[in-house]
Amino acid sequence: MTKRFFLETVGCQMNVLDSELVAAALLRAGYRRTFERRHADVILFNTCSVRQHAEDKIYSALGRLKHIKEQRPDKLIGVLGCMAQKDREAILRRAPHVDLIVGPGQIGHLVALIEERERTSEPQIAVALPRRGHRRDTVAQSFALYDPDRLTAARAQRHRAMVRIMLGCDKFCTYCIVPSVRGPEQSRPAAEITAEVRALADQGCREITLLGQTVNSYRTAENGRQVRLSDLLERVAEAEGIRRIRFVTNYPRDMTPDLLQAVRDLPKVCPYLHVPAQSGSNAVLKRMKRGYTVEQYREMLAAVRETLPAAAVTSDFIVGFCGETEEDFEATLRLTEDARFKNSFIFKYSPRPGTKAHELFPDDVPEAVKRRRNHELLGLQNRISEEDNRRFIGETVEVLIDGPSKAAGRTTFAEGDAEPSAVSAANGEKLQLTGRTPCDRIVVFHGEAKWIGRFARVQVERVTAVTLFGTAVSVES
Ligand code: 5AD
Ligand code: SF4
């Protein structure tokens, strides 16, 4: 009997990519994928530790599996990713029925760990070294680079893929758990990255997103010469078949002129820049240890607007960080008003044990105030997004078609399928599709299922803060 795995992913794009690699390894080892938890022989959660809420969700999912494990002890339950690295003891204490605990630096060993668990009946724990108390190089080695050959069947979309260019983070913003759970910053060799991009292009991939926690801090040496992200973009852009290149997430201080010029001069590189500001107040930025003032952030933005007038810039903000006053929050509103971000991801501060902020500052902004600030900032951002989207009405935009829109209803996940394949529209029948513009704006329009993965031109008729609605005027064959 073929064994089946269920894999649920929470968190950032790095986790989505890790899950794709885990799925690929399991498919290669002969497993089939199921999207129904109850059909699975191996149930895996790829987890996130950035906010408490993400962890709570996993603990309750694990709690619900307790009685299943009692009835079917042969079913294996695994916790992968950041929570595994951060909390292995706590997981075993709160959910002793867990069989596998595998940190982000060890996911390459998952298949072997499953086999070992089956052979020995012992829980298998594989995590990297903690950052405190060991040499940086030793810790870095324990977060192994794992970038095997890519498998289209393991991806949700054939035409889009992420490519890791860096691991880890060394910035140590005081609120952030990422440097502890993802380890020291390490850049992958440029030649490996370009080879992977070429292989993806051969598999039919048209859009590539280069990933790193601070992607624009990318730096490697090659024959004694430094390779920066701008150099890497130039090389990746040579891959035939690749039509669009993005990169996320950027660190404001490393947004250097050479990078902006590369985005301007390389037509394949999308004018889309995610550069989180986190706050508009200098006092808060200082406590966050972000390494820049709001004036410096504004200068960086001015340089972006100068070199790339049409670029979409997006941000992240944390509201209710320790000690954030009403004046601090108003400074964030002012920055948002002036910056005209395409959109912002807004989070309420969540204290993370193991971070400097948790150690040094009380979490003193009441939950109700965090919620109100979140709501207010989101309201302002939505007003700006909608105003800016209105200029697209009547214009024609180029989209890469991703699939049926959520509103289009059923995308059926066939049992054992690696990707949501069957679309519930009969051949030729029109269904609601979504695509993305080079600036990463979401466009909804009617079309045929066979258009998925192709480029189209869509005339925009109506907009909201997050979506452009229109009619397809042409589709590439
Ligand atoms: N609480 C709330 N938001 C956080 N982020 C990172 N750490 C925390 C935290 N402790 C946010 C930041 C980051 C995004 C990925 O998550 O805005 O850019
Ligand atoms: Fe976390 Fe700061 Fe590193 Fe981003 S740059 S991953 S917010 S420590």
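Numbering of ligands and ligand atoms starts at 1, following listing order. Heads up: numbering here begins at 1 and tracks the sequence. Excluded from the calculations below are hydrogen atoms, water molecules and symmetry mates; all remaining heavy atoms, backbone and side chain alike, are included.
Considering backbone and side-chain N/O of R51, one or more are found under 3.5 Å from N/O of ligand 1. Ligand 1 has an N or O atom lying under 3.5 Å from an N or O atom of Y175, backbone or side chain.
When side chains are defined from C-beta on, R436 counts as touching I442, because their heavy atoms get closer than 4.5 Å. At a threshold of 4.5 Å between non-hydrogen side-chain atoms, the residues V236 and T194 count as touching. Taking the side chain as every heavy atom from C-beta outward, F247 and L232 never approach each other to under 4.5 Å. Side-chain contact between P184 and D170 is present, with heavy atoms from C-beta onward closer than 4.5 Å.
We find that E386 and R390 are joined by a salt bridge, their nearest charged nitrogen and carboxylate oxygen being less than 4.0 Å apart. A salt bridge links R182 to D18: at least one charged side-chain nitrogen sits closer than 4.0 Å to a carboxylate oxygen. Classification of R287 and E324 as a salt-bridged pair fails, no side-chain N sitting under 4.0 Å from a carboxylate O.
Shown here is K171, whose NZ atom has more than 12 heavy atoms of other residues, nucleotides or ligands within 6.0 Å.
Close approach of ligand 1 to K348 is summarised as follows: ligand atoms under 4.0 Å from at least one heavy atom of the residue are 1 (N), 2 (C). Listed by number with element, the atoms of ligand 1 under 4.0 angstrom from any heavy atom of D316 are 13 (C), 14 (C), 15 (C), 17 (O), 18 (O). Taking every non-hydrogen atom of V50 and a distance limit under 4.0 Å, the qualifying atoms of ligand 1 come out as 4 (C), 5 (N), 6 (C), 7 (N), 8 (C), 9 (C), 10 (N), 16 (O). Remark: ligand 1 atoms within the under-4.0 Å shell around heavy atoms of R352 are 10 (N). Atoms of ligand 1 found under 4.0 Å from any heavy atom of Q278 (numbered from 1 in listed order, with element): 12 (C), 13 (C), 17 (O), 18 (O).
Shown are the protein N/O/S atoms under 2.8 Å from atom 2 (Fe) of ligand 2, given by residue and atom: C173 SG.
For the pair R246 and Y272, the cation-pi test (distance below 6.0 Å, angle within 45°) is passed.
Among protein heavy atoms, the minimum distance from atom 10 (N) of ligand 1 is reached at S350 O, 2.8 Å.
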>> Apply side chain to side chain donor-acceptor pair (under 3.5 Å) to residues Y292 and R290 and explain how you reach the verdict.
In response: CA-CA 6 Å; Y292 52 84; R290 282 291 286 177; 3.0 Å; yes

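Contacts with ligand 1 closer than 4.0 Å are made by side-chain heavy atoms of I318 only, the backbone lying farther away.
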